[in-house]
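Each chain gets a letter, A, B and so on, in the order its sequence line appears, and its residues count up from 1. For the numbers below, each heavy atom of this structure counts, side chains included, while hydrogens, waters and symmetry mates do not.
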Amino acid sequence: MKKLTSAPALFAAAGAFLVTGLLLAFLYAPVDASSMGFSQKIFYYHAPIAETALVAFGIAFVAAILYLRDPDPKWDRLSYVSVRLGLLFSVMVMITGMIWGKAAWDAWWAWEPRLTTFLIVCFLYTAYFVLRQVVEEESRRATYAAVFAIVAFIDVPITFFATRYMPEGLHPVVIRAGDSGMEGSMFLSFMISMAGMTLLLAALVRADVAAARLKDEIDDLKTRIGG
Amino acid sequence: MGSRQFMAILRKDLIRELRTREMLVSMFLFVMLALVIFHYAFGVDEDTDLTSFTGGMLWVTFIFSALLGLNRSFAQEKDEQCLDGLLLCPVDRVTIFFAKMTGNLVFLLIIQAVSVPVFTLFFIERSYLADIGLFILVLLLADLGICTIGTLLATISMNTRARDLLLPIVFLPLIVPVLIAATSATTGIFADGADLGDLAARLGFLAAFDAVFMVAAYGTYDFAIGE
C-alpha cells in the first residue's frame, strides 16, 4: 500500500514542478536572442523529455542486468515498464522536435542527428515489444528481453555518434541554447522543467510497476483456479 | 574458451555448407539480383552518376544477404535439433558463439569476394586499386560487427515463435551505426580516393563498435542460447 500511496505524491510533485517550469519559461525566461526567437520556448519541454526518455532506457538497462544476475520477475517488470515509458517519451521527443523543426527550419522533418537518433531508438525499442510478443514462456521471454534491452541501450549513444557521419541535409544543424551556456533565468526554468519531467517518469514507473505486479498476481490466481 | 571445440564447430559449419551450398548460392544470387534491381530502380543511363550512392547500394545488399545467411545458420541447427546436441556437449556457450560467428563471417566474406568485383564492373568507373587495402579493412570491420550482433540476435530469434521473422526487426535498427560508417567510408573510397583522416575515424568507429558488442555478446550469450 505504501508504494501505491507514494505514486500520487510523486505525481503531485511532478505536476507542481512542470507547471512552475512552464510558467517560468514563458513569463520569466527571456525570449531567445538568436534567430530561434520565441520558438526556442519548446526547448524547456523538448530537452527534458529527451533526457527523461534516455533515463528510462537507462533504468531498463540496469534492471535487465539485475534480472540476468538474479532472475526475479520484479526486475523484468521494472525493465519492461521503463522501456514502455521510454518509448512513449521518445515519441514525444519526435513530436516536439518536429514542431520545433517546423518553426526553426520550416520543415517538419530534417535529418538532424539528434532527431534521427530518436527515430532509430523508436524502432529499436518497438522491436523490444515484438520480441516479447513472440516468446510464450515467461522466464524465457524475460531473459531474451533483458538481453535485448542491454544491447539496445549500448547502441543508443553509438547511433547518435554515427548519425553525425551522415552528410548534412539542406538544413543547418542549429546550435541550441543548451550547448553554449544559458542565461541564469533560462537555466533555472530549464532545470525546474527537467526536475519535473524526471519526477513524472519516477511517478509513472512506480504506478506502472504496481499495475504490472497486480496483473501478474491476477494471472497467477487465474491459473491456480484453472482459468 | 577451447580452441579445439571452436575449430570443431567451425569445421562442422563449413563442411556442411560446402556439401549443400544452400546458403552461399542463395546469398550470392540475392546479391546479384539486388544489383540488377538497383540498376533498373534508379533508372541508370550513360549520364547517371551513381558514385555517391555506391557505398549505400553495396552495404544495403550485404546487410540483407547477411540476414539470409544468419537466419539459415540457426534454422539448420534448430530443425534437426542439432542445437540441443551442441548444448549437451561439454562446450562453453561462448565458444559456440565465436564459432558460429566466425562461420557466418567466413560466408559473408566469400560472398563479398565474389560480388565486389561484379559490383565494381557494374557501377564503379574510377579505379580504387590504390585504396584496396583500406577497402578490405572496411569490409572486415563492418562484417565483424554485422556477424557479432547478427549471431547473438539470430540465436534469440530462432528460439522464439516468430523464428526468422523476428531477426530483421531486431537486427536492422541495431546495425544502423555500422551501415552509416561503412557506407560513408566505402563511398569515400569509390568516389575520389580516400580522405585518410575521415576514413581513419570511420575505421576506428567500426573497430570500437565491434569491440563493444563483442563484449556485450560475450556477457549475454549464455542467456541468449538458453538451457
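Of the atoms belonging to B/Tyr221, not a single heavy atom falls under 4.5 Å from chain A. For B/Ala185, no part lies under 4.5 angstrom from a heavy atom of chain A. At a 4.5 Å heavy-atom cutoff, the contact between A/Gln133 and chain B is made by backbone atoms alone. When heavy atoms are compared at a cutoff of 4.5 Å, A/Ile158 approaches chain B by way of both its backbone and its side chain. Interface residue A/Thr143: only side-chain heavy atoms are found under 4.5 Å from chain B.
Per-residue counts of heavy-atom pairs under 4.5 Å with chain A were compared for B/Val170, B/Thr220, B/Val176, B/Thr183; the largest is that of B/Val170.
Atoms CG and CZ, from B/Leu152 and A/Phe148 in turn, are 10.0 Å apart once rounded to the nearest 0.5 Å. Taking CD1 of B/Ile169 as the start and OG1 of A/Thr126 as the end, the distance is 10.0 Å to the nearest 0.5 Å. Rounded to the nearest 0.5 angstrom, B/Leu172 CG and A/Ile120 CD1 are separated by 11.5 Å. Separation of atoms CZ (B/Phe209) and OG1 (A/Thr159) is listed at 7.5 Å; rounding is to 0.5 Å.
Counting heavy-atom neighbours within 6.0 Å of B/Lys12 NZ, excluding the residue itself, gives a total above 12. Within 6.0 Å of atom CZ in A/Phe11, more than 12 heavy atoms from other residues, nucleotides or ligands are found, so the atom counts as buried in its surroundings. Within 6.0 Å of the CD atom in A/Glu138, the count of heavy atoms belonging to other residues, nucleotides or ligands does not exceed 12. No more than 12 heavy atoms of other residues, nucleotides or ligands shown are found within 6.0 angstrom of CZ on A/Phe17. Surrounding CZ of B/Phe64 are at most 12 heavy atoms belonging to other residues, nucleotides or ligands under 6.0 Å away. With a 6.0 Å radius and a threshold of 12 heavy atoms from other residues, nucleotides or ligands, B/Phe53 has its CZ atom at or below the threshold. The number of heavy-atom neighbours closer than 6.0 Å to CD of A/Glu217, taken from other residues, nucleotides and ligands shown, is above 12.
Listed here is the closest heavy atom pair of A/Ile154 and B/Ala216: CD1-CB, 3.9 Å. The two residues B/Leu174 and A/Ala152 make their nearest non-hydrogen contact at CD2-CA, 4.0 Å. Contact between B/Ala224 and A/Val147 at its shortest, heavy atoms only, is N-CG2, 4.5 Å. For B/Phe205 against A/Ala162, the heavy-atom pair with the smallest separation is CZ-CB, 3.5 Å. Nearest heavy-atom pair, A/Tyr144 versus B/Ile156, reported as atom, atom and distance to 0.1 Å: CG-CG2, 3.8 Å.
Checked options A/Val121, A/Leu124, A/Asp155; the residue passing with B/Pro173 is A/Leu124 (criterion: side chain to side chain contact (heavy atoms under 4.5 Å, CB included)).
Listed by sequence position, B/Asn159, B/Thr160, B/Arg161, B/Ala162, B/Leu166 are the residues of residues 159-168 of chain B in contact with chain A, using a 4.5 angstrom heavy-atom cutoff.
Partners of A/Phe118 by ring-ring contact (aromatic ring centres under 6.0 Å, His included), not counting sequence neighbours: none found.
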